[in-house]
Amino acid sequence: MLRMSELAMNPNRKVTTVCYGKKQEWDDREEASAYFLEAMMNSDGAEHDRYSGIYIQLQNGLSYCTDEDDEEDES
């Protein structure tokens with residue numbers, strides 16, 4: 001049996017988010033999750049999608065969460 005669940009939250013409480021180009025560093029992952037959950041629930045359309053994307057990244061334990069798409073070079 002595993003000692004730690006693979007779905008366990010990242011033990012590092014600090015997280016950095018980028019939303020609408022604004023970078024914010026959080027000392028508490030729970031606070032960031034609560035902020036983006038509330039923002040997601042109070043929005044719709046593309047704005048809802050941005051907030052939900054960051055919220056999902058936070059829930060997956062990432063330490064850098066962004067609403068920006070990864071741009072791939074097609075060269």
>> Quick one, Val15 and Leu58 - any side-chain contact, counting heavy atoms below 4.5 Å?
In response: yes
>> Test side chain to side chain contact (heavy atoms under 4.5 Å, CB included) on Val18 and Glu68; report intermediate values, then the result.
In response: CA-CA 8 Å; Val18 178; Glu68 300 169 347; 3.6 Å; yes
> Is there a chain of hydrophobic side chains (I, L, V, M, F, W, Y, each step under 4.5 Å between heavy atoms) that links Tyr64 to Ile56?
Replying inline: no
>> side chain to side chain contact (heavy atoms under 4.5 Å, CB included), that's the test. Do Lys14 and Ser63 meet it? Break it down for me.
In response: CA-CA 7 Å; Lys14 293 187 179 203; Ser63 59; over 6 Å; no
> Looking only at atom types and distance, does a side-chain atom of Asp67 sit under 3.5 Å from a main-chain N or O of Gly53, one as donor and one as acceptor?
Replying inline: no
> Given Glu31 and Phe36, is the side chain to side chain contact (heavy atoms under 4.5 Å, CB included) satisfied, shown in steps?
Replying inline: CA-CA 9 Å; Glu31 184 180 342; Phe36 283 101; over 6 Å; no
Return the [atom1] to [atom2] distance between [X] and [Y], rounded to the nearest 0.5 Å.
X: Ser52; Y: Gln57; atom1: OG; atom2: CD; answer: 9.5 Å
X: Tyr20; Y: Thr66; atom1: OH; atom2: OG1; answer: 12.0 Å
X: Tyr35; Y: Gln24; atom1: OH; atom2: CD; answer: 7.0 Å

> Should Arg50 and Met40 be marked as a side chain to side chain contact (heavy atoms under 4.5 Å, CB included) after you check the CA-CA gap, both sets of side-chain angles, and the distance that decides it?
Replying inline: CA-CA 8 Å; Arg50 284 180 182 258; Met40 180 179 66; over 6 Å; no
> Which heavy atom of Tyr51 sits nearest a heavy atom of Cys19, and at what distance?
Replying inline: CE2-SG, 3.6 Å
>> I need the minimum non-hydrogen distance between Leu62 and Arg29, along with the two atoms involved.
In response: O-NH1, 3.0 Å
> Around atom CG of Asp44, are there more than 12 heavy atoms of other residues, nucleotides or ligands at under 6.0 Å?
Replying inline: no
> When you check the side-chain N and O atoms of Trp26 and Thr16, is any donor under 3.5 Å from an acceptor?
Replying inline: no
